[in-house]
Peer 1: 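Pasting in a structure now, in structure tokens, and then I'll have a few things to ask.
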There are 2 protein chains.
Amino acid sequence: MRPASEQLLQRISDRLKGMADPMRLRILHTLQDGEKCVNEILTEVGGSQANVSKHLGVLKRTGLVECRREGVSIYYRIEDPAVFAICRTVCDSLERHVSNEMQEIEAGRAEMMVGAS
Amino acid sequence: MRPASEQLLQRISDRLKGMADPMRLRILHTLQDGEKCVNEILTEVGGSQANVSKHLGVLKRTGLVECRREGVSIYYRIEDPAVFAICRTVCDSLERHVSNEMQEIEAGRAEMMVGAS
DNA sequence: AGCAAGTATAACCACTCGGTAATATACGAC
DNA sequence: GTCGTATATTACCGAGTGGTTATACTTGCT
């Protein structure tokens, strides 16, 4: 097994950390259908202007989004669609997890029924 | 586009946060080839016992690993191999990112050369 | 130049996080 | 029971995070 260099691990965890926030996930999600300026993002995801701007800064620093200026507006767009693949993978995993929980609950219930007089 | 419920976003970000740390990635990586007890993990990933134990706690709370007791030892194992798919996706994305940077540097250099007398 | 709109930044606060050192717990051997 | 080993937990600290409010910056318009 490869030793998985410290640098690589650091970069992976940075990127994951960049995504690991509900507000930022909302922003990424709303950018899924094309670039949008801050105002549009703001009305779609809610929250204060300063807060959204800060989260956009985090996303930009992390390399998850890019932006360009057009007049007085600044348009943000997804820099790497891999984000969505990651989200999908996590969602699938969560679904499996939940269905496992359900099965265990079912099994537990069945066992209780056997034990019951 | 689906509104992507607040709960789901919270769970996704929790899971990402659970992975978003170099030490935890190292632990997950070392568990890739089967379950290991804390001592084994400890010697493979380094760091203090308390620290590794705490990170293992985080991984367990997040639902990324499971554990079982065998005598005095406690064996941990990956609960959901989706972790590796996520890492692979991030790595691929990083590689693309880096190669883009390289191209831009190359392009920039070429331009400079043109400008030079 | 001055003003307004869009966006970013600074200062601050409560809170979480990653780390360490020390202590507690659980188990097996004796 | 005591002792030693394996692991978890506690208490603490410095650093970072997510949020708010207020302020600054940048651009277009007049």
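Just so you know, these numbers come straight off a predicted model, no measurement behind them.
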Peer 1: Please tell me if the side chains of B/K36 and B/R77 come closer than 4.5 Å, counting only heavy atoms from C-beta onward.
Peer 2: no

Peer 1: Any N/O pairs under 3.5 Å between the protein and nucleotides 9-14 of chain D? List them or say none.
Peer 2:
none

Peer 1: Please answer: with hydrophobic residues joined when any side-chain heavy atoms are less than 4.5 Å apart, are B/V58 and B/V38 in the same cluster?
Peer 2: no

Peer 1: Is any side-chain N or O of B/Y76 closer than 4.0 Å to OP1 or OP2 of D/dA8?
Peer 2: yes

Peer 1: Could you list where the contact with chain B starts and ends along DNA chain C, reading 5' to 3', using a 4.0 Å heavy-atom cut-off?
Peer 2: C/dG18 to C/dG28

Peer 1: Pairs of donor and acceptor atoms involving the side chains of residues 69-76 of chain A, under 3.5 Å and at least two apart or interchain, shall be tabulated with distances.
Peer 2:
residue	atom	partner	partner atom	Å
A/R69	NE	A/G71	O	3.1
A/E70	OE1	A/R68	NH1	2.7
A/E70	OE1	A/R68	NH2	3.1

Peer 1: Relative to the 5' end of DNA chain D, which residue comes earlier, A/M23 or B/I74, by the nucleotide with the nearest heavy atom?
Peer 2: B/I74

Peer 1: Would you give me the side-chain donor-acceptor pairs under 3.5 Å for residues 80-92 of chain A, sequence neighbours excluded?
Peer 2:
residue	atom	partner	partner atom	Å
A/D80	OD1	A/A82	N	2.8
A/D80	OD1	B/R96	NH2	3.4
A/D80	OD2	B/S93	OG	2.7
A/T89	OG1	A/A85	O	2.7

Peer 1: Does B/V58 or A/L56 map to a spot on DNA chain C nearer the 5' end, using the closest nucleotide for each?
Peer 2: A/L56

Peer 1: For B/N39 and D/dT5, is the shortest distance between a side-chain N/O and OP1 or OP2 below 4.0 Å?
Peer 2: no

Peer 1: With A/N39, which residues qualify under side chain to side chain donor-acceptor pair (under 3.5 Å), at least two apart?
Peer 2: none

Peer 1: Check whether any side-chain nitrogen or oxygen of B/S73 sits under 4.0 Å from OP1 or OP2 of D/dA6, and answer yes or no.
Peer 2: no

Peer 1: Once side chain to side chain donor-acceptor pair (under 3.5 Å) is applied, do any residues pair with B/Q10, and if so which ones, sequence neighbours excluded?
Peer 2: B/D14

Peer 1: Check nucleotides 24-30 of chain D for protein N or O atoms closer than 3.5 Å to its own N or O atoms and list the pairs.
Peer 2:
none

Peer 1: Tell me, do A/L9 and B/D21 make a side-chain contact under 4.5 Å, heavy atoms counted?
Peer 2: no

Peer 1: Please name all residues satisfying side chain to side chain contact (heavy atoms under 4.5 Å, CB included) with A/V45, sequence neighbours left out, ordered by chain then number.
Peer 2: A/M23, A/R26, A/I27, A/T30, A/I41, A/V52

